[in-house]
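Keep in mind it's a predicted model, so treat the numbers as computed, not measured.
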Amino acid sequence: MLTQQRSRNIHVCNEESPAGESHFQSNYQPLTQAHLQEIVTREVNGCIKSIAYEVLFRPGIKYKNVEFFYQNLKYKELLSLSLEQLHQLAVIDYRNLDVLALTGRKIKRLFVNVEARVIMALEAELIWLNDKLKQQDIELVIEITERLNPDCACPAFISVAKLHDLGLKIALDDFEPEGDLRQCWIGTGCVDYIKLILPNGFEYSEKIRADFIEHVYQLKDKALLKVIVEKVENLDQFLAMEFVPYDGLQGYLFSVPAELLPVRLNNHALLR
């Protein structure tokens with residue numbers, strides 16, 4: 001049933017496929033490796049506690065730059081890779097992961113990156129993955145990446161709104177205060193989390209800190225949502241966060257991404 005739904009639901013944005021050699025290899029070597037990284041929150045009593053993990057799908061050693069890798073995948077390639085990633089995540093027993101064994105923690109929430117230009121074709125799989133994770137008491141958060149062009153903005157939001165109405169949580173990754181095509185999504189009530197990158201010089205400049213704090217307050221005034229600050233890499237940056245009204249923090253200070261499993265490409269019907 002999922003395959004039939006996916007076939008009916010495929011929507012190709014008005015974009016040209018990048019020219020050049022396909023990233024897919026004939027021997028189906030893994031293009032990406034999945035890693036887990038913690039997202040922590042500050043509780044009312046001031047303690048920091050792990051509440052969630054993000055799955056980071058990183059390209060293999062041949063493609064070191066994440067932006068370049070995903071932007072240059074052709075639509076069919078990206079869709080097939082995304083399908084494989086979601087299906088890999090669905091079969092994992094998250095209660096017995098080696099990466100969590102020594103911490104004594106369990107995953108309460110799993111953030112999964114989804115490219116906006118293929119989310120329309122992934123609706124059935126995302127609903128299915130959400131149901132599978134619920135069986136392990138894990139909440140799925142669909143993290144829409146910043147790689148979005150104007151042609152896909154409206155169709156992508158229609159899918160976001162549909163999924164949100166069905167109870168799935170939505171996050172916006174690497175949100176920018178100016179020029180972000182997802183800006184108009186915030187006031188709709190369909191966005192549950194916004195992830196912001198800590199600006200360069202944050203720990204040294206009072207002006208940068210003040211501007212960032214104001215930006216976070218403005219976002220929270222627009223909608224009932226939570227703000228997660230990424231790229232918190234050292235103690236000085238963390239200490240400078242004292243007056244930022246954040247809800248979560250992510251970065252190498254708290255967690256180095258740990259490899260989860262290789263994502264291998266199967267011969268999906270879409271590639272035949």
Side-chain angles (χ1 to χ4, degrees), residues 5-18 23 31-32 34 54-59 63 65-87 89 110-130 140-197 219 222-223 225-228 230 250 263 268 270:
Q5 283 182 276
R6 179 168 66 243
S7 298
R8 289 196 299 266
N9 197 35
I10 289 177
H11 172 91
V12 181
C13 299
N14 294 324
E15 60 183 16
E16 293 184 6
S17 297
H23 288 280
L31 285 182
T32 60
E54 178 183 356
V55 180
L56 306 169
F57 285 106
R58 294 180 167 178
Y63 311 102
N65 185 282
V66 175
E67 290 290 326
F68 177 85
F69 173 77
Y70 281 103
Q71 286 178 351
N72 285 276
L73 280 176
K74 297 177 182 179
Y75 178 87
K76 188 181 291 188
E77 294 176 336
L78 177 59
L79 179 55
S80 186
L81 178 61
S82 299
L83 289 169
E84 183 65 21
Q85 291 172 345
L86 296 180
H87 280 261
L89 294 178
L110 193 68
F111 286 70
V112 177
N113 279 200
V114 175
E115 296 293 317
R117 63 186 171 119
V118 294
I119 190 172
M120 299 78 73
L122 295 175
E123 290 176 8
E125 271 74 19
L126 289 168
I127 294 168
W128 170 71
L129 176 60
N130 184 57
L140 172 64
V141 181
I142 303 169
E143 191 169 326
I144 310 297
T145 70
E146 71 282 7
R147 292 176 285 272
L148 177 66
N149 66 48
D151 293 328
C152 289
C154 183
F157 176 70
I158 292 173
S159 287
V160 164
K162 185 187 301 184
L163 292 167
H164 193 268
D165 286 346
L166 291 172
L168 280 75
K169 300 297 184 182
I170 303 295
L172 303 184
D173 189 29
D174 292 357
F175 185 81
E176 293 289 342
E178 296 181 5
D180 197 305
L181 294 173
R182 302 165 297 174
Q183 180 85 35
C184 60
W185 299 6
I186 297 173
T188 64
C190 295
V191 177
D192 303 284
Y193 299 89
I194 288 184
K195 301 183 78 173
L196 304 173
I197 294 178
L219 289 173
K222 291 180 180 179
L225 50 78
K226 295 183 178 181
V227 173
I228 297 171
E230 300 180 286
Q250 185 175 356
V263 177
H268 288 291
L270 289 168

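Nearest heavy atoms, Ile194 versus Leu225: CD1-CD2, 3.8 Å. In terms of heavy-atom proximity, Gln71 sits nearest to Arg117 at O-NH2, 4.0 Å. Ala116 approaches Ala156 most closely through the heavy-atom pair O-CB, 3.8 Å.
You'll find the side chain of Glu146 stays beyond 4.5 Å of the side chain of Lys195, heavy atoms only. Looking at heavy atoms from C-beta onward, Leu122 lies out of side-chain contact with Trp128 at the 4.5 angstrom threshold. Considering only heavy atoms from C-beta on, Tyr193 stays 4.5 Å or farther from Leu172 through its side chain. Using a 4.5 Å heavy-atom threshold, the side chains of Leu129 and Ile127 count as separate. The closest side-chain heavy-atom distance from Asp192 to His164 is below 4.5 Å. Leu219 has its side chain within reach of Leu196: a pair of non-hydrogen atoms, C-beta onward, lies under 4.5 Å apart. Contact annotation: the side chain of Val141 never approaches that of Leu110 to less than 4.5 Å [non-hydrogen atoms, C-beta and beyond].
Taking OG from Ser159 and CD from Glu123, the interatomic distance works out to 3.5 Å, rounded to the nearest 0.5 Å. Interatomic distance, NZ of Lys74 versus CG of Leu79, reported as 15.0 Å (0.5 Å rounding). Atoms OG1 and CD1, on Thr188 and Ile170 in that order, are 10.0 Å from each other to the nearest 0.5 Å. Taken to the nearest 0.5 Å, the CG atom of Leu140 stands 9.5 Å off from the CG atom of Leu163. Atom OG1 of Thr145 sits about 9.0 Å away from atom OH of Tyr70, to the nearest 0.5 Å. Between the CG atom in Leu181 and the SG atom in Cys154 there is a gap of 12.0 Å [rounded to 0.5 Å].
The main-chain N or O of Lys76 is never found under 3.5 Å from a side-chain atom of Ser80 such that the two would form a donor-acceptor pair. Looking at Asn72, its side chain does come within 3.5 Å of a backbone N or O of Phe68 through a donor-acceptor pair.
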Criterion side chain to side chain donor-acceptor pair (under 3.5 Å) on Asn113 and Gln85, from CA distance to verdict: CA-CA 10 Å; Asn113 279 200; Gln85 291 172 345; over 6 Å; no
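Sorted by first and then second residue, the pairs that involve residues 171-180 and meet salt bridge (Lys or Arg N to Asp or Glu O under 4.0 Å), not counting sequence neighbours, are Asp180-Arg182. Sorted by first and then second residue, the ring pair (Phe, Tyr, Trp, His ring centres under 6.0 Å) pairs involving residues 166-185 (not counting sequence neighbours) are Phe157-Trp185.
Under the 6.0 Å distance and 45° angle rule, Lys169 does not count as a cation-pi partner of Phe111.
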